[in-house]
Novice: 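Take this structure, written in structure tokens, and hold onto it; I'll ask about it next.
Note that the structure is predicted; figures quoted are calculated from it, not measured.
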Amino acid sequence: MNLVIQLKNQSLRFFAIALLLIVSACGNNETITSTTEISPQVKEEDTEEREYVLVDGSSTIFPLSDTMAQKFMNDNPENQVIVGISGSGNGLKKFCIGDTDIANASRPIKKSEIDLCRANEIEFVEIPIAFDGLSIIVNRNNDWADCLTLEELTKIWQPNNDDKNKITNWKQIRDEFPEEPLSLFAPDADSGSYDYFTDAVTGEEGRSRKDYQASEDDDLIIQGIESDWGSLGFIGFTYYEKNQDFVKLIAIDNGKDQCVEASSETIANGTYSPLSRPLFLYVNKNSLETIPPVKAFIDYQIDVANKAVISEVGYVPLPGLLQGKVRERVEKLTTGSVFDGESAVGVKLIDKLFSEKERNKISGS
């Protein structure tokens, strides 16, 4: 029985448990997926006997979270993992009021979200899980643009108070481009991808022109670009890879007269800059300590033995050195964010996870 259930509103706890019972009755270990809202709350009456895990957040991380959940449940049929998709921002809001055990986020938790968690007495462990890159994509019939500079991206996406300076045509981007109307597609403002992109391109999270076609559904972004001759947009590398037959990838000039395309290699080695980024899991410390399936699911995701799963889904695994540090944070229940509410643009994860003394030791070894 293939059960994929969309919870369209603020679901009650009992409804979620009823769904789990249906799944169990069917003998099916598939995740229950929400594309909008799930909020059966992680309340005090939850005990070590609870056999389900509540996850919500980034659409970018969903393919990885969903695959991990499927494999985890195959090995642990007594447990269920409910995975929701509501965007990084909405997922973290739910997490910080106690509605979920785990939040998936495609950017670090913001200061306002940290404050919300603190106000609700939610302690969390931050887990970098993989690397990803934001792919710049256009219609596959676009035969004039192969590479754009960061300055050109900024010119396209910067907010304008008047129509005079607004980029509405490809020729405004570069003289050799044709007189072709430009239309833009991108994740909506609740998306971590949008936050990261605007931070990297316009210099401030959330600062961009607003006259673009926004969606929390990555498939709709792909469909929009596929159907519009003069379109341009951005999306997570994994989603591009799955749809590369339908759209065209644009390289980014790295400022050294080299055009670099998003790929597993360029994202891992940092040459696809500044649009490479770490992806995160935020796990409720109390859930991690008191609910065995939550601890087991987190351990499963960071297990070196499952590193290949990250690559198979299309993300870039953390190097062994970083992966070991992440496991140490989980085992020690180290709470808080190493980014402390700040941006991850242009920041090396090793500089955040390791002290200067540790980094010097590593470089000297």
Side-chain angles (χ1 to χ4, degrees), residues 35 58-60 62-63 85 87 106 132-160 162-202 206-253 259-263 266-267 272 274-277 314:
T35 57
S58 169
S59 62
T60 296
F62 173 75
I85 312 171
S106 56
D132 182 38
L134 288 175
S135 302
I136 307 301
I137 52 177
V138 296
N139 185 277
R140 60 181 172 178
N141 294 313
N142 181 318
D143 59 2
W144 59 87
D146 298 303
C147 179
L148 293 172
T149 66
L150 182 60
E151 290 73 18
E152 287 170 333
L153 285 177
T154 302
K155 184 179 179 182
I156 293 167
W157 283 97
Q158 66 181 346
N160 289 295
D162 57 75
D163 292 335
K164 182 179 179 181
N165 296 316
K166 188 178 294 183
I167 305 300
T168 58
N169 193 290
W170 279 90
K171 194 168 185 63
Q172 291 175 271
I173 302 172
R174 198 181 296 177
D175 284 341
E176 58 261 38
F177 288 166
E179 287 274 3
E180 183 69 40
L182 173 70
S183 52
L184 299 172
F185 295 82
D188 64 23
D190 288 323
S191 165
S193 296
Y194 174 80
D195 285 340
Y196 191 91
F197 180 84
T198 50
D199 193 5
V201 171
T202 69
R207 182 178 181 270
S208 79
R209 60 193 294 176
K210 304 304 180 185
D211 60 331
Y212 70 96
Q213 298 188 54
S215 176
E216 67 176 20
D217 188 334
D218 293 316
D219 289 329
L220 291 181
I221 296 172
I222 292 289
Q223 291 167 19
I225 289 178
E226 184 184 8
S227 63
D228 192 320
W229 184 280
S231 60
L232 177 143
F234 62 89
I235 204 164
F237 176 67
T238 303
Y239 276 93
Y240 160 71
E241 275 206 317
K242 290 183 177 181
N243 294 278
Q244 57 186 297
D245 292 337
F246 308 107
V247 295
K248 174 183 172 181
L249 183 67
I250 295 292
I252 300 299
D253 190 323
C259 289
V260 181
E261 286 190 349
S263 69
T266 60
I267 291 168
Y272 186 66
L275 296 181
S276 298
R277 57 180 176 166

Novice: If we ignore hydrogens and angles and just use 3.5 Å, is the side chain of Arg174 paired with the main-chain N or O of Glu152 as donor and acceptor?
Specialist: no
Novice: Do any N or O atoms from the side chain of Tyr239 and from the backbone of Ser59 form a donor-acceptor pair under 3.5 angstrom?
Specialist: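 Answer holds: yes.
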Novice: Which heavy atom of Thr154 sits nearest to which heavy atom of Val201, and what is that distance?
Specialist: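 Closest approach of Thr154 to Val201, heavy atoms only: OG1-O, 2.7 Å.
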Novice: So does Val247 get a backbone contact from the side chain of Tyr240, meaning a donor-acceptor N/O pair under 3.5 Å?
Specialist: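 Flag not set: sc Tyr240 to bb Val247 has no pair under 3.5 Å.
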Novice: With rounding to the nearest 0.5 Å, note down the distance linking CD1 in Ile221 to CG in Asp188.
Specialist: 8.0 Å
Novice: Under a 4.5 Å cut-off applied to non-hydrogen side-chain atoms, are Ile252 and Val260 in contact?
Specialist: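 They are not in side-chain contact.
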Novice: If you apply the rule side-chain contact (heavy atoms from CB on, under 4.5 Å), what do you find for Leu148 with Leu232, and how did you get there?
Specialist: CA-CA 11 Å; Leu148 293 172; Leu232 177 143; 3.7 Å; yes
Novice: Taking all atoms of both residues into account, what is the closest heavy-atom pair of Thr60 and Ser106, and its distance?
Specialist: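 That would be CB-CB, 4.2 Å.
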Novice: First locate atom CG of Leu249, then atom CD of Gln244, and finally report the distance between them rounded to the nearest 0.5 Å.
Specialist: 9.0 Å
Novice: Got a second to check how far Asn243's CG is from Ser135's OG, nearest 0.5 Å?
Specialist: 11.0 Å
Novice: How are the rings of Phe234 and Phe197 set to each other: parallel, tilted or perpendicular (split at 30° and 60°)?
Specialist: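 Judged by the thresholds at 30° and 60°, the geometry between Phe234 and Phe197 is parallel.
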Novice: Roughly how far, to the nearest 0.5 Å, is the CD atom of Gln223 from the CG atom of Asp217?
Specialist: 7.5 Å
Novice: Can you name the nearest heavy-atom pair linking Gly314 to Glu241, along with the distance?
Specialist: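 Shortest heavy-atom separation between Gly314 and Glu241 comes out as CA-OE1, 3.9 Å.
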Novice: Checking Trp157 against Thr198 for the side-chain contact (heavy atoms from CB on, under 4.5 Å) test, could you report, in this order, the C-alpha distance in whole Å, the side-chain angles of both residues, the deciding distance, and whether it holds?
Specialist: CA-CA 8 Å; Trp157 283 97; Thr198 50; over 6 Å; no
Novice: Would you mind writing out the side-chain donor-acceptor pairs for residues 178-187 within the sub-3.5 Å range, not counting sequence neighbours?
Specialist:
| from | atom 1 | to | atom 2 | distance (Å) |
| --- | --- | --- | --- | --- |
| Glu179 | OE1 | Asn169 | ND2 | 3.3 |
| Ser183 | OG | Asp228 | OD1 | 3.2 |
| Ser183 | OG | Asp228 | OD2 | 2.7 |

Novice: I'd like to know if the side chain of Gln172 pairs up with that of Thr168 as donor and acceptor (distance under 3.5 Å, no hydrogens or angles considered).
Specialist: yes
Novice: When rounded to the nearest 0.5 angstrom, what distance separates CG in Asp132 from OH in Tyr272?
Specialist: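 Asp132 CG to Tyr272 OH: 10.0 Å, rounded to 0.5 Å.
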Novice: So, for Ile225 and Ser231, which heavy atoms are closest and what is the spacing to 0.1 Å?
Specialist: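 Minimum heavy-atom separation between Ile225 and Ser231: O-OG, 3.1 Å.
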Novice: Counting only N and O atoms by type, is there a donor-acceptor contact under 3.5 Å from the side chain of Thr202 to the main-chain atoms of Ser208?
Specialist: no
Novice: With the side chain counted from C-beta on, respond yes when Leu150 and Asp253 share a heavy-atom pair under 4.5 Å apart, and no when they do not.
Specialist: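 No, too far: nothing below the 4.5 Å cut-off.
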Novice: Looking at every non-hydrogen atom in both residues, tell me the closest pair between Glu261 and Ala251 and how far apart they are.
Specialist: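 Between these two residues, the closest heavy atoms are CG-CB, 3.6 Å.
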Novice: So, the side chain of Arg207 versus the backbone of Pro159: is there a donor-acceptor pair under 3.5 Å, distance only?
Specialist: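 Not at all, since once roles are kept as given, no pair shorter than 3.5 Å links the two residues.
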Novice: About how many Å separate CH2 of Trp170 and CH2 of Trp229, when rounded to the nearest 0.5 Å?
Specialist: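 Reported value, rounded in 0.5 Å steps: 12.5 Å.
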Novice: Provide the closest heavy-atom pair for Ser276 versus Tyr196 in the form atom of the first, atom of the second, distance.
Specialist: O-OH, 2.5 Å
Novice: Quick one, Glu216 and Ile85 - any side-chain contact, counting heavy atoms below 4.5 Å?
Specialist: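 SC-SC contact between Glu216 and Ile85 ruled out.
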Novice: So that I can tick it off, tell me whether Asp146 and Lys248 are bridged by a salt bridge, with the cut-off set at under 4.0 angstrom between side-chain N and carboxylate O.
Specialist: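 A salt bridge is present here (some side-chain N lies under 4.0 Å from a carboxylate O).
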